[in-house]
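A short write-up of the structure that comes next.
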2 protein chains.
Amino acid sequence: MSRMPVAERREQLVEAALAVASRDGIEAATVRAVAAEAGVSLGVVHYCFQDKDELLRAMAHAITERNAVQGLELIPSGLPVETVVEQVIGVLWAAISGTRGSQLLSYELTTSSLRHPELNKVAIEQYRGQWTTAQRVLEVVGHAADVSWTVPVEELARVVVAVIDGFSLAWLVDGNAEAALRGLQGFGSYLATLAVPAGTSDDDVLPAPADA
Amino acid sequence: MSRMPVAERREQLVEAALAVASRDGIEAATVRAVAAEAGVSLGVVHYCFQDKDELLRAMAHAITERNAVQGLELIPSGLPVETVVEQVIGVLWAAISGTRGSQLLSYELTTSSLRHPELNKVAIEQYRGQWTTAQRVLEVVGHAADVSWTVPVEELARVVVAVIDGFSLAWLVDGNAEAALRGLQGFGSYLATLAVPAGTSDDDVLPAPADA
DNA sequence: GTCTATAGTTGGATAGAC
DNA sequence: GTCTATCCAACTATAGAC
């Protein structure tokens with residue numbers, strides 16, 4: 001354990017911070033607690049990170065990346081869009097409902113970030129990541145089901161993230177996973193109504209450039 | 001200021017706590033800060049409240065009540081349901097976007113409550129209040145526009161709260177009020193499609209009891 | 001009832017031995 | 001590089017003077 005390169009040590013500490021914060025909340029993620037979780041002494045943390053904020057920022061970055069990389073690129077083709085959407089929501093909800101502590105931590109990070117200037121960029125980066133992820137998923141779904149969306153995907157992505165956020169929060173509060181999933185699938189049905197068969201062009205969305 | 005009855009003093013302190021927490025965040029709402037905000041000394045707070053948690057619970061209760069009592073009972077009658085929904089959303093959004101600190105505090109209270117056993121009931125009471133409020137608004141809207149909902153209002157209320165939560169959070173993060181309102185109105189349009197002209201009976205929803 | 005003073009914790013950060 | 005020891009600040013809570 002001793003004499004570990006700094007980069008590796010930082011990873012280990014970020015991992016420990018994630019473990020503590022997911023389990024006991026962001027307030028519990030003190031420098032001391034993280035050091036104890038990682039099995040190192042207090043000084044080591046301050047050697048690897050300038051201060052607590054830098055540690056928290058690193059942790060936030062890690063959780064954001066982790067959420068983004070959820071590779072759902074194995075979406076089946078040739079199915080009706082309602083089915084594809086339903087399946088994607090099912091997989092997504094399994095990922096969410098299986099990581100309660102992480103989800104709660106995400107909201108804690110968001111609110112903390114909005115209060116403390118030194119964590120200012122955490123929340124916006126978190127959401128930018130979610131918006132672009134949602135947008136990519138929508139595009140992949142559209143391609144897989146051979147449809148295009150009647151609403152700009154960028155705008156639609158915001159709606160998707162908002163709805164998921166809302167139902168996740170409700171589930172965190174009342175623990176009713178069935179109601180949350182039912183609500184999400186209801187939204188999925190609505191979402192499917194916003195899709196129309198793709199245009200004659202084999203890939204893109206623009207049917208006919210009007211002018212200029 | 002001196003020699004104030006305890007009940008009144010408690011109100012004053014809860015008010016001060018709300019002011020501090022809305023402005024600077026729930027973490028900043030320490031006993032000291034609240035005492036300072038109220039212009040009393042540290043001991044006074046501990047004389048009126050057993051401990052910090054009781055003060056926070058009182059504050060949470062106050063903010064929940066405040067959100068619930070937003071008397072929107074002046075909903076116009078005789079208009080199409082799309083219009084009524086649009087107007088209600090407009091009023092609601094004005095109330096939300098005008099109280100940024102309070103909104104953020106609500107989310108902080110929710111997450112805090114979910115982490116700390118001693119605040120256990122705060123979050124669920126918060127949401128129960130929001131769900132029943134949403135349900136009442138849906139019922140009033142249905143009555144005013146002379147429609148009934150094709151989805152159980154209880155279920156629909158959960159959806160409404162989730163969507164509002166989601167868009168509010170996004171707005172807190174990116175400050176884009178136009179996008180949030182646009183998203184909410186988009187949801188409102190969808191909501192209106194879930195309404196059908198009220199049955200022949202002048203008030204209730206049940207058209208024909210099938211059996212028993 | 002209200003104040004000051006203080007006890008007792010906790011946590012961030014650093015110095016200095018090894 | 002890693003550890004122990006320590007400083008300092010902020011907080012909750014209470015005791016006791018007035």
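The figures that follow rest on heavy atoms only: side chains count, while hydrogens, waters and symmetry mates do not. Numbers restart at 1 for each chain; the letters A, B, ... are given by sequence-line order, proteins then strands.
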### Query
Side-chain donor-acceptor pair under 3.5 Å between Q103(B) and R100(B), yes or no?
no
Rounded to whole Å, the CD-P distance (E27(A) to dT10(C)) equals 15 Å
Of dG12(C), dT2(C), dC3(D), the nucleotide closest to the side chain of V44(B) is dT2(C)
Here the distance between atom C1' of dA10(D) and atom CG of D24(B), to the nearest Å, is 16 Å
When rounded to whole Å, the CE to C1' distance for the pair M4(B) and dG1(C) reads 12 Å
Walking DNA chain C from its 5' end, the first of Q50(A) and A28(A) to be reached, judged by nearest nucleotide, is A28(A)
To the nearest angstrom, the CG-P distance between L42(B) and dT2(C) comes to 14 Å
note: F49(A), atom CZ; dG1(D), atom P; distance rounded to Å ~ 15 Å
Check: R9(A)/Q12(A) side-chain N/O donor and acceptor closer than 3.5 Å | yes
DNA chain D nearest-nucleotide lookup for A33(B) and P5(A): closer to the 5′ end is P5(A)
So, does R32(A) get its side chain near the phosphate of dA13(C), meaning an N or O under 4.0 Å from OP1 or OP2? no
Report task. Kindly say whether the aromatic ring centers of Y127(B) and W131(B) come within a distance under 6.0 Å. Result -> yes
Taken to the nearest whole Å, CG/L55(A) to C1'/dA13(C) is 14 Å
| Under 4.0 Å between a side-chain N/O of H46(B) and OP1 or OP2 of dT14(D), yes or no? | no
Residues T111(A) and E108(B): closest non-hydrogen pair is CB-CG, 3.8 Å
Separation of dT2(C) atom C1' from Q12(B) atom CD, nearest Å, is 13 Å
| query | In terms of the angle between their ring planes, are W171(B) and W93(B) parallel, tilted or perpendicular, with boundaries placed at 30° and 60°? | reply | perpendicular
Q: Select base, sugar-phosphate, or nothing to describe what T30(A) touches, counting heavy atoms under 4.0 Å on all strands.
A: sugar-phosphate
Considering only heavy side-chain atoms of Y47(B), the closest of dG1(C), dG1(D), dA13(C) is dG1(C)
Of dT2(D), dG1(D), dA13(D), the nucleotide closest to the side chain of D51(B) is dA13(D)
From CZ of R10(B) across to P of dG1(C) the rounded distance in Å is 14 Å
